[in-house]
**Q** 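A single structure is presented below for examination.
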Amino acid sequence: MSRRAVVIGAGLAGMLAAAALSTAVDEVVVLERDELPDRPEHRRGLPQGRHAHLLMAGGLAAMEDLVPGVSMRRHLLAAGAHEISLSSGMVALSSEGWFRRWRHEGPRMITCSRALLDWVVRDVVTSRTRVEVRTGRVLGLAGTRGRVGGVRVARAAGEEELGADLVVDASGRGSRVVTWLAGLGLRGVRELVVDSGLVNATRVYRVPDGAERFPLTIVQADPYAGRPGRSGMVLPIEGDRWMVSLAGTRGGEPPADPDGFLRYTLDLPDPIVGRLISGAEPLTDVHVSHSTRNVRRYLERVRHWPEGFVVLGDALATFNPAYGQGMSVAALGARALARELARTGPAAPGLARRVQRGAARPVDAAWAMAVSQDVRYPGSRGGRPGVVEHVVGAYTRRMTKAATGSYAAAAALWDVTSLRTGPARLLRPDTVLATLGGSPLPPAAEPPLTPGERRTLRALDRTGV
């Protein structure tokens, strides 16, 4: 019997889910509300698309598993993406000081524009699998509270039902999954929202001559200072460009005008971002976005979850983009779907429930990291730190301070933030000992740059700082 799967949304989560499904069913139809570009271009349905995105090592590893025989990493690098080592290729100021750079090999992340990443993934999936992308606006789910049997789609001539053995909602931040479930008689979905009021402001620059190999540079926000968080990042992307993204929580929002944008970078705890871009050629205006809330839908806890329905990506949980976790969590959710399909097949009873629970695990880890920080900023809404958060925060802060000069502590942080391992990695005996022992090296008084990088920074600096 022929089996069909329908995926709602052709973004990153949707295309990865489609790849996972393509080896288990005969037909995969991806329904996308918007017209998709035929080259790397920003699209309207992606509110954070113009801002910095990081594909962490754990997310890339999951993506590599989803299309057999194809290296997504190789395709991304061939299209112009950059691969950066967290241990040596990044200059980062944390709330506890500058992280040192190590010669040891650490996790690597991929940096490029979100438009390029989405286009590469979509091209690879549609060219290497039996996945069909159609334009269509989904109105709701078809079926009963016990089993979803397809979707209702808006057509010019009216509403149409598209039947499916399995439906995946990967429609992103704007998902109407709670309403759709209510339409089947399933209510009581617990939703949690934590909103630090963070605003993103991004501008793209041409990489100045001589700065082509300058490391990714980031000044992180300080959640412990009792004042609005402010951060800035210089991120290398395709086309010999720098994407410069600023972020500020409620009361510390970055401005949209070019002069204010530069002033903001120079007023960060260290002015290195502003010094780098002060003489660089801007290629775009400043783009501002406010869609940064953390939203968690606890769908794995719904008492009677319907067969034939899975929710992944931002439709399941969205994170403050400052932490760079959303794309990797989406990829890990798609891999959970692929593994369960390979283990039991698409018709096994309870498949959707098991996938939903599997997808919740990386969500929980990313949620804990993001929310434990965001609730500390002044004016944050939706939660505040309790006893557990204070204990975890104190330990994390001590570990971060140790990681500024301890390779063992830094390696543990890299493993968890890159989503290669879960938070339990932070409680391993060797990690606890490194944390309690603190940094064996004195705090770095300035950015950890090579002599050549220092000369480059001086040559680019037009600020006089």
Side-chain angles (χ1 to χ4, degrees), residues 2-31 55-76 110 117-118 120-133 148 164-172 299-300 305 307-317 325-366 418-422:
S2 178
R3 295 190 180 278
R4 175 196 288 156
V6 169
V7 178
I8 308 168
L12 181 73
M15 296 312 301
L16 294 178
L21 291 160
S22 66
T23 60
V25 299
D26 304 288
E27 180 185 8
V28 181
V29 176
V30 179
L31 295 173
L55 179 59
M56 297 299 185
L60 179 60
M63 289 171 61
E64 295 279 62
D65 292 343
L66 291 171
V67 185
V70 177
S71 170
M72 202 70 76
R73 170 184 172 274
R74 189 173 66 248
H75 280 271
L76 286 165
I110 298 292
L117 191 140
D118 278 5
V120 168
V121 170
R122 189 166 63 249
D123 180 65
V124 168
V125 172
T126 55
S127 64
R128 303 301 180 100
T129 68
R130 300 185 309 275
V131 170
E132 178 188 0
V133 180
V148 170
D165 299 278
L166 188 60
V167 174
V168 176
D169 178 13
S171 57
L299 301 179
E300 74 280 6
W305 187 254
E307 300 280 4
F309 185 52
V310 169
V311 182
L312 298 176
D314 282 1
L316 178 59
Q325 300 164 318
M327 296 192 303
S328 295
V329 170
L332 290 165
R335 186 169 67 179
L337 171 62
R339 288 178 171 176
E340 194 60 37
L341 287 168
R343 191 177 73 85
T344 67
L351 168 81
R353 166 75 80 180
R354 291 190 296 275
V355 172
Q356 211 61 65
R357 288 174 173 167
R361 284 190 280 274
V363 167
D364 285 340
S418 66
L419 297 175
R420 292 206 306 184
T421 62

**Q** Apply side chain to side chain contact (heavy atoms under 4.5 Å, CB included) to residues Asp169 and Leu312 and explain how you reach the verdict.
**A** CA-CA 6 Å; Asp169 178 13; Leu312 298 176; over 6 Å; no

**Q** Got a salt bridge between Asp165 and Arg3, using NZ or NE/NH1/NH2 to carboxylate O under 4.0 Å?
**A** yes

**Q** Can Leu351 and Leu166 be said to form a side chain to side chain contact (heavy atoms under 4.5 Å, CB included), step by step?
**A** CA-CA 10 Å; Leu351 168 81; Leu166 188 60; 4.3 Å; yes

**Q** As an exercise, state the distance from CZ of Arg353 to CG of Leu299, rounded to the nearest 0.5 Å.
**A** 10.0 Å

**Q** CD of Gln325 to CG of Leu419: how many Å apart, nearest 0.5 Å?
**A** 6.0 Å

**Q** Knowing that exactly one of Val311, Leu16, Val310 qualifies, which makes a side chain to side chain contact (heavy atoms under 4.5 Å, CB included) with Val168?
**A** Val310

**Q** Given side chain to side chain contact (heavy atoms under 4.5 Å, CB included), test Leu55 with Met63 step by step and report yes or no.
**A** CA-CA 10 Å; Leu55 179 59; Met63 289 171 61; 3.6 Å; yes

**Q** Taking all non-hydrogen atoms of both residues, which atom of Arg4 and which atom of Val6 are closest, and how far apart?
**A** CD-CG2, 4.1 Å

**Q** Any side-chain donor paired with an acceptor under 3.5 Å for Glu64 and Ser71?
**A** yes

**Q** Please list all pairs meeting side-chain hydrogen bond (donor to acceptor under 3.5 Å, both in side chains) that have one or both residues in residues 340-349, counting only residues at least two apart or in different chains.
**A** Glu340-Arg343, Glu340-Arg354

**Q** Considering all heavy atoms of both residues, which atom of Leu341 and which atom of Ala20 are nearest to each other, and what is their separation?
**A** CD1-O, 3.7 Å

**Q** For Arg122 and Met15, work out which heavy atoms get closest and say how close.
**A** CG-CE, 4.1 Å

**Q** Between the side chain of Glu307 and the main-chain N/O of Gly350, is any donor-acceptor distance below 3.5 Å?
**A** yes

**Q** Closest approach of Val133 and Ala10, non-hydrogen atoms and distance?
**A** CG1-CB, 4.3 Å

**Q** Roughly how far, to the nearest 0.5 Å, is the CG atom of Leu12 from the CG atom of Asp314?
**A** 9.5 Å

**Q** Let me see the working for Leu21 and Leu337 under side chain to side chain contact (heavy atoms under 4.5 Å, CB included), right down to the final yes or no.
**A** CA-CA 8 Å; Leu21 291 160; Leu337 171 62; 4.0 Å; yes

**Q** Determine the minimum heavy-atom distance between Ala359 and Gly333, stating which atoms define it.
**A** CB-CA, 4.2 Å

**Q** Can you tell me how far OG1 of Thr23 sits from CG of Leu66, rounded to the nearest 0.5 angstrom?
**A** 9.0 Å

**Q** About how many Å separate CG of Leu117 and CE of Met72, when rounded to the nearest 0.5 Å?
**A** 8.5 Å

**Q** Closest heavy-atom contact between Ser22 and Val131?
**A** CB-CG2, 4.1 Å

**Q** Just how far is it from atom CD1 of Ile110 to atom CG of Leu76, taken to the nearest 0.5 Å?
**A** 6.0 Å

